[in-house]
Every structure is written in structure tokens, then in C-alpha cells.
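All remarks here apply to the structure that follows.
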Amino acid sequence: MAHELPPLPYPKNALAPHMSAETLEFHHDKHHQTYIDTLNGLIAGTPLENSSLEDTIRETANNASKTAIFNNAAQAWNHDFFWRSMRPNGGGAPSANIMEHITKGGFENFAKFREAFINAAKGQFGSGWAWLVLEGGKFKVTTTSNADNPIAHNVVPLATCDVWEHAYYIDYRNRRADFVTTFIDILINWDFVAHNLARHSANKAA
Ligand code: MN3
């Protein structure tokens, strides 16, 4: 079964003006679609043809002969996760449960966490992703380069912000700092973070 482009979880104009319909048209319909199409071409007729994206990522990570498959599978997965990491009227203060995880993760308060996320996203040199992850049971802010993602490192992703230039160039030009600040203040979907946290806890208990 070939992979298919998952639809956006909201209409294309739902995040405007913070992320325009034009950005989503290019980023979802063209960039994300291309990763899916390229991946399907690379795995056609191979044993990976029927694997989930997550399994494909785990099976091809750190395998130099499978770099192209890894890159396209990880980018396909990362983008779907990124769309769901945002929502219309997102941002704001997270729930008490998430706040507790933030302070347990060693962040003094929400402002310090916010600053750490913005600095990490700003500091990722070149293309990549900024992540909120659960590592060793604790919230942590990390970045990855190019297509790399936490799944390849057995870390639990909770939310991500795409910091490839194509994610912000139409709306913010070169101003990555403004884009990532908008992401954490206005776009992030804290319910999705809570959902990923609950899913991880349920898996661990099972
Ligand atoms: Mn992208």
C-alpha cells in the first residue's frame, strides 16, 4: 500500500495571518506531497512497501544505504506531526498537568521554557526541526537537522516546529525568530501535546 498525503487537520486559511493559506498550499500540497511521492517511488517492490512510516524510520535510521528512504519517510512523518502540533487559536497557557511536566523537566517556569524553545529553534543551523520531547520521562527541548527526528533516537516526540526556510519564507521572509515565537505563542496545540503524553503513558502501562 502506497503512503498517502494525510489531509491538513484544519482549512488552509485557519492559521492565517500567522501562517497563510499560501504557505500551507506550498508546504502541505507540494513539499509534503513530494516527500510522500518520492518515498513511494523508493520503496515500491521492496519489503518496506507495507511498513508504517514509523517502522520505516526505525528500520532505515543509521543505515547509509537507506538514507534516501529514511529522509523521505522521516520528512513525511515530521510534516504530519507538525500540522497536528498547531491549531487555530492555539498557544496560550498549557494545562496544569503540562505545566507540571515543564517544571519537572528543569524549566523554572513557563517563560523559561518558552525562551528555551525559541532559542533552540533559532539556533538550529540550516534546515531542521525544533522539538518538545519526552526523554527519560522528562520534558526536553531539542533540535534535529534536515529530516532527522526523535523516533530515530527512541525519544518520544510531543510537538514540533519546522524550521526549514520553506516553513516561514512566504510569511516571515528571513525572520525565523518571529516565526518560532509565533509558533510557541499563537500556533502550538497544547491538546496535541497532552494527547501524545497520554498515549505514551498508556503504551507504557500496556
Ligand atoms: Mn517543511
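Indexing begins at 1, ligand by ligand and atom by atom, following the structure's order. Worth saying up front: this structure is predicted, and the values here are computed from it rather than measured. Start at 1 with the first residue, then count along the sequence.
Side-chain N/O atoms of Trp164 and His31 include no donor and acceptor closer than 3.5 Å. Between the side chains of Ser127 and Glu165, no donor-acceptor pair of N or O atoms lies under 3.5 Å. When only modelled atom types and interatomic distance are considered, Trp131 and Thr144 share a side-chain donor-acceptor pair under 3.5 Å. Checking His28 against His79 by side-chain atom types alone, no donor-acceptor pair falls below 3.5 Å. Judged by distance alone, the side chains of Arg175 and Tyr168 never bring a donor and an acceptor atom under 3.5 Å apart. Side-chain N/O atoms of Asn189 and His195 include no donor and acceptor closer than 3.5 Å.
Of all protein atoms, those of element N, O or S that lie under 2.8 Å from the Mn ion (ligand 1) number 4.
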